[in-house]
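Here the structure comes first, spelled out in C-alpha cells, and everything after it is commentary.
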Amino acid sequence: MKKKLGNILIFVLIIGLTIGYGIYKDDQSRVTVNKIYTTQFQEQALSDLENEKGNGNYTLQNIFMKYNPFSTNTQSMYVYFNTSKAAKITYTVSCADYANFTATAYQAKEFQKEHEFQMIGLIPDCTNTITITATYKDGTSQSVSTNYTMGSLLGDEDIQLEHVSGSKQDLGNGLYTLLGNDSDDQDFVYMYDTNGILRSEIPIIGYRSHRMLMQNQTLYMSVSTHRMAAINHLGMIEHIYNLGNYIVHHDYQFDQDGNLILLATNEEKNSVEDCIIKLDVETEEVSELLDLEDLFKSYKESTNHKEGSKWDWMHINTLQYLNDDSVILSSRETSSIIKIKDVSTNPSIDYIIGNKDFWKDTDYTEYLYTKVGDFLTSGGQHTVTYMEDDSLESGQYYLYMFNNNFGYSKTRKDYDWTVNEGIQTSITEGTTSYYYQYLVDENEGTYTLVNSFEVPFSAYVSSAQNLGEHIVVDSGIAGLLSIYDTDGNLEQQLSIKKNDRFIYRIYYYDYKGYYFS
C-alpha cells in the first residue's frame, strides 16, 4: 500500500520475514548460562548465524532476522538487510496491552546501505508486531511489518512495573537498568523503558553486574564474582576476562587509557572489599593498584575481627576514577568518602569526608575535611558520584550520593552511632534516607551540603543518579524506583518486585552508540 504524507513517501508492507529461533526458557537446561559465557559457545553461535544467513539477497522486503542468536538477551532479535539507497533505520515493537517501543537502531553512519543491528524490546509470551522503517536522505521512507511470537522469559520479573504515584517522566529513549537483583536463583540485568515496561533481560552467571560501561560499540559488565565480559553491539560476547584470585565487587570504571579499574577482594588475604585492581582490556593482564591496608594499617588493626569470618573493615562500595589518576571511594563501614591520589603510581591519602567523632583517636584525623554548615554527615552512603560544574572555581566540584543515613559498623563495636542525632540505626525501624549533594572545595579543605531531600529509606544498597533536570533514585530494600526534580519534588514512582532480597542499583542509560543512534 502506498500513501503520500506531505513530502514523505511511506510504504507499509506486511510480509513474512526470515526469522530464526533462539533459546527459550524451556531450552535453558540444554544451554546453561555458564556455557553462554564461553568463547567456544559464542564462536559457534556466530558460525551458525553466518551459515544460516548465507549469501541471501536480503532487502527491506526480505529481511533476515534471528531471535537472540548469542543467547545474551532474551528480548532481542538480530536483524540484517540492505537498501538500495543510504538510510537510517527505526523500529517499533507493538504488543497488545503494552505501550509501543520505538527506537533508532545503532549503525556506524547515520545513513548507510547495509544494516545490521540488535533489536531489543520484544514482549514475552505475546505476539509482537515488528515494524521496521528505512528513512532516506530525501525524507522519504519505507516500512515493513511482521508478527513474531516470543516465548517466556528466563526469570520471573515483572513485565510492567507497578505505578505507585506521579506521572510518566519521558527521559528519552534510554532504559532504566536494574543492576543486581541478588536472587538466590538465576541473576539478570533488567532494562525498563520510561513506561516501566521490560525491554531487555540479560542473564549473567551469578552475583551481579554493578555498572554498564560502553566504549567503541562494546559493552563491558561483570557477569560473576570473577569474570568481566565485553559484548559487542550485536549481542556477541567478544571477550571473557578472568580476574584470577580477585573478586570484583560493587564498582568499576575506565581509566584514561580505556582499561578497567575495579574494586576487588584479594582471595589470598584475610580481609575483603579493600583492594583496587586494573584489567588491561587488550592483554587481559590483571594487576593490583592498591591495598587499602597499606594506607590504613593502624586503623585496620584497631577494628574487631572474628577469626574465620570475613574481615570487612572498610567495605568500599563505589569507585570514581578521575583523569588525574586519583580515585574517590565510598566506604560503607566507616560512613566516609575517601580520595586517594596517584593510585597507579604511588597511592596516598588525599582527604577523608567523614564524621570527626568516628575518626578521633586514630592516625587519620589530619586528612579530615571540615564540614561547613549544620547538617548530618552521610551514613553508609552508596553511589558517590563526582560531578564537575563550569561555574565552580578550580579545585571545587560536587559529590552526590544516595545517603542511606544508616549508622552501623560491624568492625567498630566501640562506636555508638546514636551520638549522631538523626541517623538511623535500625534496618527495620529506620524511616528516612536522603539524596545528598556536597560541594567539595579542595582549596579550603571543606565540604558543604548544597542539596538534600528525603527519599524512601533503605539501610543498605541503593543508588542516586543526577541527570540534570531529573534525579533517579533506587531505594533498594524498599524496591522503589523514584524520579525527582532537582528540588526534590517526586515526579514518578514505580514499584519493583524485589525477588528474594533487593535491587542493588538502578542507572538510566541512553545506550547511544550501542543499541541506539
Side-chain angles (χ1 to χ4, degrees), residues 164 178-184 207-208 210 249-251 263 272-273 303-304 309-318 329-338 353-355 357-358 375-385 399-438 449 452-465 471-482 484 488 490 493-507:
V164 178
L178 280 61
L179 302 162
N181 59 315
D182 282 45
S183 169
D184 290 335
Y207 190 33
R208 64 172 80 108
H210 306 280
H249 70 85
H250 294 92
D251 217 349
L263 297 178
V272 298
E273 307 195 357
T303 61
N304 309 110
S309 64
K310 294 179 179 179
W311 195 350
D312 195 5
W313 62 284
M314 266 288 182
H315 195 99
I316 305 300
N317 62 33
T318 314
L329 307 174
S330 168
S331 166
R332 190 192 75 187
E333 183 69 3
T334 68
S335 290
S336 299
I337 299 167
I338 302 168
I353 294 175
N355 191 295
D357 185 62
F358 182 89
F375 59 90
L376 186 63
T377 298
S378 63
Q381 69 288 325
H382 285 71
T383 60
V384 173
T385 304
L399 293 178
Y400 69 81
M401 69 206 75
F402 185 100
N403 174 15
N404 299 72
N405 192 38
F406 183 65
Y408 175 73
S409 301
K410 183 179 181 180
T411 59
R412 281 287 304 273
K413 302 295 186 184
D414 63 308
Y415 187 71
D416 180 11
W417 278 100
T418 62
V419 301
N420 301 288
E421 186 178 353
I423 203 164
Q424 316 290 287
T425 56
S426 170
I427 297 175
T428 56
E429 297 178 7
T431 59
T432 309
S433 294
Y434 295 93
Y435 169 81
Y436 256 27
Q437 184 174 324
Y438 289 151
L449 184 64
S452 171
F453 54 82
E454 294 184 5
V455 298
F457 178 69
S458 186
Y460 294 120
V461 302
S462 308
S463 61
Q465 182 185 23
I471 296 173
V472 176
V473 171
D474 162 41
S475 295
I477 293 179
L480 292 172
L481 167 60
S482 307
Y484 298 87
L490 181 64
Q493 192 169 79
L494 300 168
S495 175
I496 302 165
K497 184 169 62 177
K498 293 180 289 180
N499 297 284
D500 296 333
R501 298 180 67 190
F502 46 69
I503 302 298
Y504 180 71
R505 178 180 286 180
I506 299 175
Y507 281 144

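- Atoms CG and CD1, on Leu178 and Ile503 in that order, are 5.0 Å from each other to the nearest 0.5 Å.
- When the side-chain contact (heavy atoms from CB on, under 4.5 Å) test is applied to Thr377, the partners found at least two apart in sequence or on another chain are Lys371, Tyr438, Tyr447.
- In this structure, Gln424 contributes its side chain and Ser433 its backbone to no donor-acceptor pair below 3.5 Å.
- Checked by atom type, the side-chain pair Tyr415/Asp357 shows a donor-acceptor distance below 3.5 Å.
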Which is it for Phe406 and Trp417 under the ring pair (Phe, Tyr, Trp, His ring centres under 6.0 Å) test, yes or no, and what are the steps along the way?
CA-CA 9 Å; Phe406 183 65; Trp417 278 100; 9.0 Å; no
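- Side chain of Thr385 to main chain of Thr383: a donor-acceptor pair is present (N/O by atom type, distance under 3.5 Å, no hydrogens or angles).
- In this structure, Asn355 contributes its side chain and Leu376 its backbone to no donor-acceptor pair below 3.5 Å.
- For Asn403 (side chain) and Tyr436 (main-chain N/O), no donor-acceptor pair under 3.5 Å exists by modelled atom type.
- Judged by distance alone, the side chain of Ser330 and the main-chain N or O of Ile337 form no donor-acceptor pair under 3.5 Å.
- The two residues Gly476 and Val461 make their nearest non-hydrogen contact at CA-CG2, 3.9 Å.
- Considering every non-hydrogen atom in both Thr303 and Trp313, the closest pair reads OG1-CB, 3.9 Å.
- By the 4.5 Å heavy-atom criterion applied to side chains, Ser495 and Leu480 are counted as neighbours.
- Side-chain contact between Phe402 and Val473 is present, with at least one heavy-atom pair separated by less than 4.5 Å.
- Here CG of Leu179 is found 8.5 Å from OH of Tyr507. Values are rounded to the nearest 0.5 Å.
- For Thr318 and Asp251, the side-chain atoms include no donor-acceptor pair closer than 3.5 Å.
- Using a distance-only test at 3.5 Å, with no hydrogens or angles considered, no donor-acceptor pair links the side chain of Arg505 to the main chain of Gly180.
- Distance check, rounded to the nearest 0.5 Å: OH of Tyr434 to OG of Ser378 gives 12.5 Å.
- Under the 3.5 Å distance criterion, the side-chain polar atoms of Gln465 are left unmatched by any main-chain donor or acceptor of Ile506.
- Proximity of a side-chain donor or acceptor of Gln381 to a complementary backbone N or O of Arg332 within less than 3.5 Å is not detected.
- Although no hydrogens or angles enter the test, the distance criterion places no donor-acceptor pair under 3.5 Å between the side chain of Ser331 and the main chain of Ser336.
- Nearest approach of Gly380 to Ser335, heavy atoms of both residues: N-OG, 2.8 Å.
- For the 3.5 Å distance criterion, the side chains of Glu333 and Ser409 fail to qualify, holding no donor opposite an acceptor.
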Verify ring pair (Phe, Tyr, Trp, His ring centres under 6.0 Å) between His382 and His250, making sure each step is shown before the conclusion.
CA-CA 10 Å; His382 285 71; His250 294 92; 7.3 Å; no
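- With rounding to the nearest 0.5 Å, the separation of CG in Asn405 from OG1 in Thr425 is 10.0 Å.
- Distance check: Leu329 CG to Thr334 OG1 gives 10.0 Å after rounding to the nearest 0.5 Å.
- Taking the ring-ring contact (aromatic ring centres under 6.0 Å, His included) definition, one finds that Tyr484 meets it with Phe453, sequence neighbours left out.
- Using the six-membered ring where Trp is involved, Tyr400 and Tyr435 have ring planes that are tilted, between 30° and 60° apart.
- No donor-acceptor pair closer than 3.5 Å links the side chain of Glu429 to the backbone N or O of Ile427.
- Here the two rings, on Tyr207 and His249, have centers that are 6.0 Å apart or farther.
- Rounded to the nearest 0.5 angstrom, Met314 CE and Leu263 CG are separated by 12.5 Å.
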